[in-house]
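Atom set for the values below is all heavy atoms of this structure, side chains included, hydrogens, waters and symmetry mates excluded. To find a chain, count down the sequence lines: A is the first, B the second, and so on, and within it residues start at 1.
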Amino acid sequence: MTEKVRLGYACVNMTLTNRPKKLGGRVTTSRTARKATWQNGSDDSKDWDLHLLGERTLLNANDLLHYLQWNNDHNIKLFRLGSELFPWHDHYELNELPQFDDISAKLLECGDYAKEHGIRVTTHPGPFNVLGSPNTEVVRRTIISLERHSEVFDLMGFEPSFENKINIHVGGSYGGDFDGTSKRWIAGWHKLSDNCKKRLVLENDDKPSMWSTQMLYDYFHKEIGIPITFDYHHHSFHPDELSEEAALKLAATTWPDNVRQCTHYSESRAREKQDPKIRAQAHSDYIVDEINTYGLELDIVIEAKAKELALLEYRNIYAYNKKGVLL
DNA sequence: CATGGTCAAGTGGCA
DNA sequence: TGCCACTTGACCATG
């Protein structure tokens, strides 16, 4: 019996990240290194300290299991994994890390734990992943980055599926050239591995000049069947004549029957802080409005700066029981 | 050991 | 032109 709404949060657990030293110290999946720390010489000299990156990756992988267990203990069954599990992963093959065997064993353990406890793990490569860019070098690097994200899910033992979505934005329109941009984007998509294609989904942008839910549906879903992540907050900046309900339900039609629709929810930081100087798109620390699911069964990733604390507080406000089930 | 300046990547909006 | 915002703090030099 699944609940109608499953809430999740993104990448960082404040409680674990800020755990005091006397209780064991920081728990994070985002250890990285400055470029200057692990690269000697020029960018392409290949004189790199992969041992350092591997050490940090192994610590990240160990802490991922800790994260999943913490989430499960708090009945949080949806979690976005950050992109820095393997820091600088687009600069090397994952199995080039000296500690790869230990890392992959731990990630498989993480994947098994997630499957056993019904935890949906997703990820969201950054705004630098621009598959429709006119710059072919940008597209080339994007493809590498997306493949690395997909490989992490392979290592976790996840069958390729939108259940473990890799979520990105189109992220550009180049003076309103929607036709050309979508054609370039889809051409790039065709170059991805099958596993990556089976995981990649698109999210509506937060600017009127960019890609609304309706546009993603027309230009991308109709062409290649790609699912659409509906972001409530972004929608308010580019509704494109669709009501929130209509856009949410249009996005709902793009998900396969056996995969629950996933959405993103955030609120205005400018409103929360009562400060009009803050950019309208910026995210609040906590969320206070009740999320309207319009009767759908949804997975909702809460994008709030206070992370899991915002999720738990939301449950408090809206009378969820200790198991996270709406009363 | 706490702090604060700084850090890889693309794109677009704004002062 | 340079900052901010997005997926995300964490690194690391300095005192």
Q: Check this for me, if you would: do A/Lys183 and A/Asp179 make a salt bridge, where the nitrogen-to-carboxylate-oxygen distance has to be below 4.0 angstrom?
A: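 Counted as a salt bridge, because a side-chain N and a carboxylate O are separated by less than 4.0 Å.
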Q: Stem ranges for DNA chain B, with three or more consecutive Watson-Crick or G-U pairs under 3.5 Å?
A: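 Output for stems: B:1-7 with C:9-15, B:10-15 with C:1-6.
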Q: Compare the aromatic ring of A/Phe128 with the six-membered base ring of B/dG10 and state whether they stack according to the 5.5 Å and 30° rule.
A: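 Whether judged by distance or by angle, A/Phe128 falls short somewhere, so it does not stack on the base of B/dG10.
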Q: Would you say A/Arg141 places a side-chain N or O within less than 4.0 Å of OP1 or OP2 belonging to B/dG10?
A: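 So the side-chain polar atoms of A/Arg141 do come within 4.0 Å of the phosphate oxygens OP1 or OP2 of B/dG10, strictly under.
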Q: Measure from CD on A/Glu84 to P on B/dC7 and round the result to the nearest Å.
A: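 Going from A/Glu84 (CD) to B/dC7 (P), I get 15 Å.
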Q: Enter the distance from A/Arg269:CZ to A/Asp285:CG here, rounded to the nearest 0.5 Å.
A: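 Here the rounded value is 4.0 Å.
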Q: Taking A/Lys207's backbone N and O only, do any of them form a donor-acceptor pair with A/Asp205's side chain (distance below 3.5 Å, no angle check)?
A: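 Such a contact is absent between A/Asp205 side chain and A/Lys207 backbone.
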Q: Are side-chain N/O atoms of A/Asn164 and A/Arg199 paired as donor and acceptor at under 3.5 Å?
A: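 No pair is found: no donor N or O on one side chain lies under 3.5 Å from an acceptor on the other.
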Q: Syn versus anti for B/dT6, judged by chi lying within 90° of 0?
A: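 For B/dT6, whose glycosidic angle is more than 90° from 0, the conformation is anti.
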Q: Nearest whole Å is fine: how far is B/dA9 C1' from A/His91 NE2?
A: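 Roughly 9 Å, once rounded to whole Å.
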Q: Which residue pairs satisfy the ring-ring contact (aromatic ring centres under 6.0 Å, His included) criterion with at least one member in residues 4-35 of chain A, sequence neighbours excluded?
A: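 The answer is A/Tyr9-A/Phe79.
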Q: Mind checking A/Lys307 for me? I need base, sugar-phosphate or nothing, with any heavy atom below 4.0 Å counting as a touch.
A: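 Result for A/Lys307 = sugar-phosphate.
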Q: So which of residues 155-187 of chain A are in contact with DNA chain B, with a heavy-atom cut-off of under 4.0 Å?
A: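 The stretch gives A/Gly171, A/Gly172, A/Ser173, A/Tyr174 as the residues lying under 4.0 Å from the strand, ordered by number.
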Q: Restricting to nitrogen or oxygen on both sides, can you table the protein-nucleotides 13-15 of chain C pairs closer than 3.5 Å?
A:
none

Q: Taking 4.0 angstrom as the limit, do A/Glu163 and A/Arg260 come out as a salt bridge?
A: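 Looking at A/Glu163 and A/Arg260, the cut-off is not met.
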Q: Whole Å only: how far is the CD1 atom of A/Ile278 from the C1' atom of C/dC6?
A: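 Rounded to the whole Å, the gap is 15 Å.
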Q: Identify whether the distance between the nearest side-chain nitrogen and carboxylate oxygen of A/Asp63 and A/Arg26 falls below 4.0 Å.
A: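 Result for this pair is no, no salt bridge flagged.
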Q: Send over the distance from A/Leu85 CG to C/dG9 C1', rounded to a whole Å.
A: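 Nearest whole value for this atom pair: 15 Å.
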Q: Would you list the protein and nucleotides 1-3 of chain C atom pairs, both N or O, that sit under 3.5 Å from each other?
A:
none

Q: With sequence neighbours excluded, give me every salt bridge (Lys or Arg N to Asp or Glu O under 4.0 Å) pair touching residues 216-232 of chain A.
A: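 Residue pairs passing salt bridge (Lys or Arg N to Asp or Glu O under 4.0 Å), neighbours aside: A/Asp218-A/Lys222.
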Q: Could you state the atom-to-atom distance from CZ of A/Phe237 to P of B/dG13 in whole Å?
A: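 The answer, rounded to whole Å, is 13 Å.
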Q: Find the distance A/Gln281:CD to B/dC14:C1' and express it as a whole number of Å.
A: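 A/Gln281 atom CD is separated from B/dC14 atom C1' by 10 Å.
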Q: Just how far, in rounded Å, is P of C/dC6 from OH of A/Tyr265?
A: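 It is 15 Å, rounded to the nearest whole Å.
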Q: Quick check: A/Phe220 with A/Trp189 (ring centres under 6.0 Å apart)?
A: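 A/Trp189 vs A/Phe220: aromatic centres not under 6.0 Å.
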Q: With rounding to the closest Å, how many angstrom separate the P atoms on B/dC7 and C/dC4?
A: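 Rounded to whole Å, the distance is 14 Å.
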Q: Distance check needed: C/dA5 P versus A/His124 NE2, whole Å only.
A: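 Between P of C/dA5 and NE2 of A/His124: 17 Å.
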